[in-house]
Amino acid sequence: MTVADQIRQKLEAALQPARLIIHNDSHLHAGHLHPGAGPRGEETHFRLEIVSARFAGESRVARQRRVYAILAEELAGPVHALQLSLQTPEEYKNG
């Protein structure tokens, strides 16, 4: 299973998102050395777009902490960076 697949599986189970887009931006950081990087730096940098009703009533920081907790294992290992866009369905609808 790829890191992106693991991320998808965990986020879908925990957040039941209405929208989940995972962008693997690792190719933009090829050659950067950091702990946990593979030999070519694959699957280390991700941009996540998540729309979930579970974010209702939470601050931006609380939403980020929730996602970081869900992905703690990946962040301790292969994932070096996450860029997050976290919205409720209402926020997404209102753009």
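Along the sequence shown, residues carry numbers from 1.
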> Does Glu73 CD have over 12 foreign heavy atoms under 6.0 Å away?
Replying inline: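 No, because the 6.0 Å sphere around CD of Glu73 holds 12 heavy atoms or fewer from other groups.
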
>> Could you check whether atom CD of Glu90 has more than 12 heavy atoms from other residues, nucleotides or ligands sitting under 6.0 Å from it?
In response: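 For Glu90, atom CD is not crowded (no more than 12 foreign heavy atoms under 6.0 Å).
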
Is there a donor-acceptor contact under 3.5 Å from the side chain of [X] to the main chain of [Y]?
X	Y	value
Arg63	Glu58	yes
Arg54	Gln16	no
Ser26	His45	yes
Arg19	Val51	no
Glu43	Val79	no

> Checking side-chain contact (heavy atoms from CB on, under 4.5 Å) against Leu20, which of Ile50, Leu15, Ile7 comes through?
Replying inline: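 Checked Ile50, Leu15, Ile7 against Leu20; only one passes side-chain contact (heavy atoms from CB on, under 4.5 Å): Ile50.
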
>> Test of understanding: clusters of I, L, V, M, F, W, Y form through side-chain heavy atoms closer than 4.5 Å, transitively. Do Leu82 and Ile21 belong to the same one?
In response: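 In one cluster: no.
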
> Same hydrophobic cluster for Tyr92 and Val67, using side-chain heavy-atom links shorter than 4.5 Å among ILVMFWY?
Replying inline: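 Unlinked, Tyr92 and Val67 end up in two clusters.
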
Which atom names give the shortest non-hydrogen contact between [X] and [Y], and what distance separates them?
X	Y	value
Ser52	Pro17	CB-CA, 4.2 Å
Glu91	Gln87	OE1-CA, 3.3 Å
Asp25	Arg47	OD2-NE, 3.0 Å

Spatial distance of atom [atom1] ([X]) from atom [atom2] ([Y]) [nearest 0.5 Å]:
X	Y	atom1	atom2	result
Ile70	Glu12	CD1	CD	12.0 Å
Phe46	Leu71	CZ	CG	10.0 Å
Phe55	Leu86	CZ	CG	4.5 Å

> When you look at Glu49 and His23, which way does the side chain to side chain donor-acceptor pair (under 3.5 Å) test go after all the steps?
Replying inline: CA-CA 8 Å; Glu49 298 176 37; His23 302 275; 2.8 Å; yes

>> Glu74 vs Lys10, test: salt bridge (Lys or Arg N to Asp or Glu O under 4.0 Å). Steps then yes/no.
In response: CA-CA 10 Å; Glu74 288 73 18; Lys10 287 183 175 187; 2.9 Å; yes

